[in-house]
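Since the model is a prediction, treat every value here as computed from it, not as a measurement. For the numbers below, each heavy atom of this structure counts, side chains included, while hydrogens, waters and symmetry mates do not.
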Amino acid sequence: MRVGVPREIKPDEYRVGLTPTAVREYVSHGHEVVVETTAGQGAGYPDEAYVRAGAKILPDAAAVFEAAELIVKVKEPQPAEWARLTAKHILFTYLHLAPDPAQADGLLASGCAAIAYETVTDANGGLPLLAPMSEVAGRIAVFSAGETLLKHNGGMGLLLSGVPGVPPARIVVLGGGVVGMNAARMAAGLGAEVVIVERSIPRMRDLDNMFHGRILTRYSTADAVDEEVLKADVVVGAVLTAGASAPKLVRREHLKKMKPGSVLVDVSIDQGGCFETSRPTTHADPTYTVDGVVHYCVANMPGAAPRTSSEALVHATLSFGLQLADQGLDALKKNKHLAKGLNVLKGQLTHPAVAEALGKPFVDPYGAWK
């Protein structure tokens with residue numbers, strides 16, 4: 001199969017779908033890989049590294065989409081990319097379709113097969129292709145919160161760690177999954193006071209054991225969220241419902257009761273955000289203020305560390321991508337976990353949570369490709 005790697009065109013996005021190391025693996029399986037010129041440059045991979053790995057460099061995205069059958073990306077396709085997709089393409093990337101009906105319509109109209117990293121599962125019910133970027137995002141969220149708390153960045157002028165005799169910031173993490181755990185790890189390591197609000201009692205036990213009592217856990221109820229948000233200096237939104245829009249846990253009415261200059265970091269923004277007042281921002285212009293509360297809602301937080309993020313992502317996606325290259329869509333029939341990633345096929349939505357979120361019909365994927 002011919003595998004294509006276009007350059008990411010979303011603002012401030014420097015990750016790349018395949019590293020040269022991954023290209024070498026595809027080539028060793030007998031596949032041809034075409035890479036758009038400078039696609040890996042932002043992550044530190046020059047065109048020459050791809051050529052040494054066995055790839056062919058093409059001059060632009062149009063040439064890559066024309067040549068390739070399997071398109072491997074990082075971020076959701078932008079409008080210019082929807083127009084280049086056709087029924088011959090398998091798209092393998094993050095999609096986050098639930099809050100993005102325009103993208104969904106573009107993919108449906110293209111006739112392509114679109115497989116979303118974020119809905120591929122594993123034997124334990126986890127999301128193995130989302131996990132590495134959740135790890136990066138959770139860690140970056142705390143560093144970004146610490147910067148945003150500083151006065152010149154619009155915050156209240158609070159040092160995350162405090163100093164002897166002066167208490168540290170109180171960080172409330174909504175959700176104890178991969179993002180939440182990594183955010184808590186960074187925050188606790190920096191000396192902050194950390195509370196995780198979580199609804200799974202077994203998960204709270206795991207977190208308590210993991211952190212040896214260094215953090216606090218609270219069972220997630222409306223009362224608990226209300227109380228903790230109002231006491232917080234920083235709230236990290238780390239909730240996830242696979243394939244669906246994130247629930248709105250922090251409402252506009254909370255903001256007027258929060259501490260002036262406190263910070264909301266919405267890591268769930270790719271799924272629509274878990275704060276009512278969230279809207280996507282970029283690394284170039286990451287924050288805005290509503291009712292005195294600073295919002296940090298960058299939609300591609302891991303893009304700030306493209307070298308680390310690209311390598312971590314490829315480590316997770318490589319085996320699945322090779323299955324698609326080796327077997328085409330037959331790979332989905334043989335691997336039920338990869339099949340969970342199929343969101344769009346032949347103009348139909350094939351993931352139930354995505355279809356429900358968009359208010360469109362769901363079609364069973366195994367029936368759709370007969």
Side-chain angles (χ1 to χ4, degrees), residues 1-8 13-36 39-47 49-57 64 67-77 89-96 112-137 178 242 300 302-303 305-343:
M1 184 176 286
R2 186 172 285 183
V3 181
V5 184
R7 179 174 57 83
E8 297 295 323
E13 182 53 70
Y14 304 105
R15 290 172 289 178
V16 64
L18 293 180
T19 62
T21 296
V23 167
R24 185 176 177 184
E25 295 298 315
Y26 277 87
V27 172
S28 72
H29 278 238
H31 305 296
E32 183 179 351
V33 181
V34 294
V35 179
E36 182 180 356
Q41 184 172 293
Y45 306 113
D47 286 352
Y50 286 100
V51 172
R52 288 195 299 271
K56 180 180 180 181
I57 303 299
V64 170
E69 302 159 86
L70 173 62
I71 301 291
V72 183
K73 280 176 41 63
V74 179
K75 290 302 291 178
E76 69 278 1
H89 288 119
I90 301 172
L91 175 65
F92 193 39
T93 189
Y94 288 115
L95 294 177
H96 300 292
C112 77
I115 299 168
Y117 294 158
E118 72 272 10
T119 61
V120 173
T121 61
D122 62 22
N124 298 317
L127 302 172
L129 308 192
L130 187 61
M133 295 303 93
S134 296
E135 291 167 346
V136 175
V178 177
N300 60 330
R307 184 68 174 240
T308 298
S309 297
S310 296
E311 290 190 20
L313 180 60
V314 164
H315 294 163
T317 61
L318 181 58
S319 65
F320 292 99
L322 287 172
Q323 290 173 53
L324 289 169
D326 291 345
Q327 305 169 39
L329 290 178
D330 284 343
L332 278 66
K333 299 177 183 179
K334 298 175 182 179
N335 186 334
K336 64 181 180 181
H337 300 297
L338 181 56
K340 294 285 188 180
L342 187 66
N343 280 206

Legend entry - H29 side, atom NE2; Q323 side, atom CD - distance, nearest 0.5 Å: 10.0 Å
Legend entry - S309 (side chain) donor-acceptor with P306 (main chain) under 3.5 angstrom: no
Legend entry - With F320 via ring-ring contact (aromatic ring centres under 6.0 Å, His included) - residues at least two apart: none
Inset, instruction - Specify the closest pair of heavy atoms between V23 and Y50, including all atoms of both residues, with the distance to one decimal. - result: CG2-CD2, 3.7 Å
Inset, instruction - For E36 and R7, indicate whether the former's side chain and the latter's backbone hold a donor-acceptor pair under 3.5 Å. - result: yes
Legend entry - Min side-chain heavy-atom separation L130-Y117 under 4.5 Å: no
Inset, instruction - Say whether, by atom type as modelled, one donor and one acceptor occur between the side chain of E118 and the main chain of H96 under 3.5 angstrom. - result: yes
Legend entry - Heavy-atom pair with the smallest gap, counting every atom of A331 and L338: CB-CD2, 4.1 Å
Inset, instruction - Check whether any side-chain N or O of N124 sits under 3.5 Å from a backbone N or O of G126 as a donor-acceptor pair, and report yes or no. - result: no
Legend entry - Min side-chain heavy-atom separation V27-V33 under 4.5 Å: yes
Legend entry - For V178 against A131, the heavy-atom pair lying closest together: CG1-O, 3.7 Å
Legend entry - Residues that K75 engages under side-chain contact (heavy atoms from CB on, under 4.5 Å), provided they are two or more places apart: E8, K10, E13, R15, D270, N300
Inset, instruction - Could you grab the distance from atom OG1 of T119 to atom NE2 of H337, nearest 0.5 Å is fine? - result: 13.0 Å
Inset, instruction - Check whether any side-chain heavy atom of V35 lies under 4.5 Å from a side-chain heavy atom of L18, and answer yes or no. - result: no
Inset, instruction - With sequence neighbours excluded, give me every salt bridge (Lys or Arg N to Asp or Glu O under 4.0 Å) pair touching residues 321-331. - result: D330-K333
Legend entry - More than 12 heavy atoms of other groups within 6.0 Å of Y94 OH: yes
Inset, instruction - Determine whether L324 and L332 make a side-chain contact, defined as any pair of heavy atoms from C-beta on separated by less than 4.5 Å. - result: yes
Legend entry - Non-neighbouring partners of V51 that pass side-chain contact (heavy atoms from CB on, under 4.5 Å), sequence neighbours left out: I57
Legend entry - Closest non-hydrogen atom pair between V314 and G17, with its separation: CG2-O, 3.4 Å
Legend entry - Check: L127 and T121 side chains under 4.5 Å, non-hydrogen atoms: yes
Legend entry - Nearest-0.5 Å distance that lies between atom CG in D47 and atom NZ in K56: 13.5 Å
Inset, instruction - Would you give the length of the straight line joining atom CD1 of I115 to atom CD1 of I90, rounded to the nearest 0.5 angstrom? - result: 6.0 Å
Legend entry - Closest non-hydrogen atom pair between A116 and L95, with its separation: CB-CD1, 3.7 Å
Inset, instruction - Write down the atom of A325, the atom of V3, and the distance for their closest heavy-atom approach. - result: CB-CG2, 4.3 Å
Legend entry - Distance, nearest 0.5 Å, that separates CZ of R2 from CD of E32: 3.5 Å
Inset, instruction - Under the side-chain hydrogen bond (donor to acceptor under 3.5 Å, both in side chains) rule, collect the residues that match up with Y45, sequence neighbours excluded. - result: R307, E311
Inset, instruction - Please list, chain by chain and in numerical order, all residues satisfying side-chain hydrogen bond (donor to acceptor under 3.5 Å, both in side chains) with T308, sequence neighbours excluded. - result: none
